[in-house]
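Worth saying up front: this structure is predicted, and the values here are computed from it rather than measured.
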Amino acid sequence: MTVHTVQRGETLSAIARRNGTTVAELQRLNGISNPNMIASGQRLVVAPPPAPPAAPAAARAGQAAAQTAAPAPPGAPVAPCPKKPAFLKRAGGDDNVSVLYAMADGEAKRQGLLGQAKGEVGAGMVKMEHAGHLGNPYVGGSHKMEVLTAEAKAAGGIVHGAGGTASAKAVMVSEEATLFAGTDQNNPWAEAGGEYSLMQAEAKADGLIGSDGRRAGIALGAKAGAAAASGDLKGEINIPIPFTDYTLSLRGKGGASAGSVGAGAAAYAFKDLETGRYHMGAGGEAAALLGLKADVDLSIGPRYTGRERSAGP
């Protein structure tokens, strides 16, 4: 048995595929009744993939002979270590709340032409995230809050093309709240809310041509800026497609900032290879003391299995 720490944006199905098991088996081992309810930082017990059936005696003899053959020449490729290093330390909190936390994570995979890799670091004071229904199966809400946090992420790959994303953020105070309608909090019929931040700085870069192992398509974007105060309104609509497990999702976000400087623009059209969803969107912002920004994302594909969104606002 191994233990996997859930990362932000990961889904139970993606974890199952990556570890050669099934969602049902992960639910059984970890006592999870709802596969859509997993949280960042949660530790999951993962069973190793089943061993292949024993080969007949003749085949075993052939395998033994092959193993005693001449060793591979110097420089021959070897399989990479399949387990990624990870570190997470919290002074307090739970799966939804981190207090005085620190985190470092990384992962690399051999795939296609070269492979893909991603990394993440953290910082701390307080970071929390909650979502659920409000005593009614059709009405729910979500809440996020960060105080004195810092964050840096990078991911990229050269598989059947090349691409990568990088982002860095520092924030004094940031808070977000939404209300949604629908029985599935990961795919609400409609959701609307707002967020604000005080003393925030952020930088992002994104580029994709072909496939980087996580996405396949095209993307180009960059953003850099800082603001003393900013506020945004956001919304999301998910329309189930009859006779399928697919949804059509439209998400938008717009806002303004004060005491700010910065600029950014982005456009993309790609398939998320981890969720199976197709995304198309664009966004931009400009700020000089006062700023305005807007982002929109249209996607179609299998229902979301978590609250995180891989593209757009």
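- Residues Lys109 and Arg18 meet the side-chain proximity criterion, which asks for heavy atoms closer than 4.5 Å.
- If you chain together hydrophobic residues whose side chains sit under 4.5 Å apart, Val126 and Met199 fall into the same group.
- Separating the CG atom in Leu26 from the CG atom in Asn19 is a distance of 7.5 Å, to the nearest 0.5 Å.
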Working for side-chain contact (heavy atoms from CB on, under 4.5 Å), residues His130 and Lys144: CA-CA 7 Å; His130 297 85; Lys144 296 181 182 179; over 6 Å; no

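- Interatomic distance, CG of Leu44 versus CG of Asn30, reported as 4.5 Å (0.5 Å rounding).
- Electrostatic pairing of Arg214 and Glu274 does not count as a salt bridge here, judged by no charged N lying under 4.0 Å from a carboxylate O.
- The minimum heavy-atom distance between Ala155 and Lys118, with the atom names listed, is CB-CB, 3.5 Å.
- Heavy-atom minimum distance, Gln185 versus Phe180: CB-CZ, 3.5 Å.
- A distance of 13.0 Å separates CG of Leu148 from NZ of Lys127, quoted to the nearest 0.5 Å.
- Looking at heavy atoms from C-beta onward, Arg277 lies out of side-chain contact with Phe270 at the 4.5 angstrom threshold.
- Residues Leu248 and Leu250 fall within the same hydrophobic cluster, defined by Ile, Leu, Val, Met, Phe, Trp and Tyr side chains chained together at heavy-atom separations under 4.5 Å.
- The closest side-chain heavy-atom distance from Val6 to Ile15 is below 4.5 Å.
- Tyr268 contributes atom OH, which lies 14.0 Å from atom CD1 of Ile218 (distance to the nearest 0.5 angstrom).
- For the atom pair OH (Tyr278) and OG (Ser299), the distance works out to 12.5 Å, reported to the nearest 0.5 Å.
- Salt bridge annotation for Lys223-Glu202: present, with a cationic side-chain nitrogen under 4.0 angstrom from a carboxylate oxygen.
- More than 12 heavy-atom neighbours from other residues, nucleotides or ligands sit within 6.0 angstrom of NZ on Lys169.
- Counting heavy-atom neighbours within 6.0 Å of Met172 CE, excluding the residue itself, gives a total of 12 or less.
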Glu25 and Val23: CA distance, side-chain angles, deciding distance, side-chain contact (heavy atoms from CB on, under 4.5 Å) verdict: CA-CA 5 Å; Glu25 180 66 7; Val23 172; over 6 Å; no

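- Closest non-hydrogen pair, Val171 versus Glu146, comes out as CG1-OE1, 3.7 Å.
- Heavy-atom minimum distance, Pro313 versus Asp295: CB-CB, 3.9 Å.
- Legend: salt bridge (Lys or Arg N to Asp or Glu O under 4.0 Å) pairs involving residues 241-251, not counting sequence neighbours, sorted by first then second residue: Glu236-Arg251, Asp245-Arg303, Arg251-Asp297.
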side-chain contact (heavy atoms from CB on, under 4.5 Å) evaluation trace for Met145 with Ser174: CA-CA 6 Å; Met145 186 175 182; Ser174 177; over 6 Å; no

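- Residues satisfying the salt bridge (Lys or Arg N to Asp or Glu O under 4.0 Å) test with Lys153, not counting sequence neighbours, are Glu151.
- Looking at heavy atoms from C-beta onward, Ser230 lies out of side-chain contact with Tyr196 at the 4.5 angstrom threshold.
- Under the 3.5 Å distance criterion, the side-chain polar atoms of Gln27 are matched with a main-chain donor or acceptor of Ile32.
- Taking CG of Asn238 as the start and CD1 of Ile300 as the end, the distance is 11.5 Å to the nearest 0.5 Å.
- When all heavy atoms of Arg309 and Asn186 are compared, the pair lying nearest together is NH2-O, 2.7 Å.
- The backbone N or O of Ser249 lies less than 3.5 Å from no partner atom in the side chain of Thr247, so there is not a single donor-acceptor pair.
- At a threshold of 4.5 Å between side-chain heavy atoms, the hydrophobic network of Ile, Leu, Val, Met, Phe, Trp and Tyr places Leu298 and Ile241 in one connected group.
- When the options Glu191, Glu195, Glu176 are evaluated for a salt bridge (charged side-chain N to carboxylate O under 4.0 Å, His left out) with Lys253, the one that passes is Glu195.
- Between Ile158 and Leu113 there is a side-chain heavy-atom pair separated by less than 4.5 Å.
- A donor-acceptor pair under 3.5 Å links the side-chain atoms of Gln7 to the main chain of Thr5, judged by distance alone.
- Counting heavy-atom neighbours within 6.0 Å of Ile209 CD1, excluding the residue itself, gives a total of 12 or less.
- When atom types are taken as modelled, the side chain of Thr11 and the backbone of Ala14 share a donor-acceptor pair closer than 3.5 angstrom.
- By the 4.5 Å heavy-atom criterion applied to side chains, Lys271 and Arg215 are not counted as neighbours.
- Hydrophobic clustering (side-chain heavy atoms under 4.5 Å, transitive across Ile, Leu, Val, Met, Phe, Trp, Tyr) groups Val97 together with Val173.
- At least one side-chain heavy atom of Val46 sits under 4.5 Å from a side-chain heavy atom of Thr2.
- The two atoms that bring Ala131 and Arg307 nearest to each other are CB-NE, 4.0 Å, heavy atoms only.
- By the 30° and 60° cut-offs, the orientation of the rings of His279 relative to Tyr304 is tilted.
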Side chain to side chain donor-acceptor pair (under 3.5 Å) between Thr165 and Asp206, worked out: CA-CA 4 Å; Thr165 60; Asp206 184 15; 5.5 Å; no

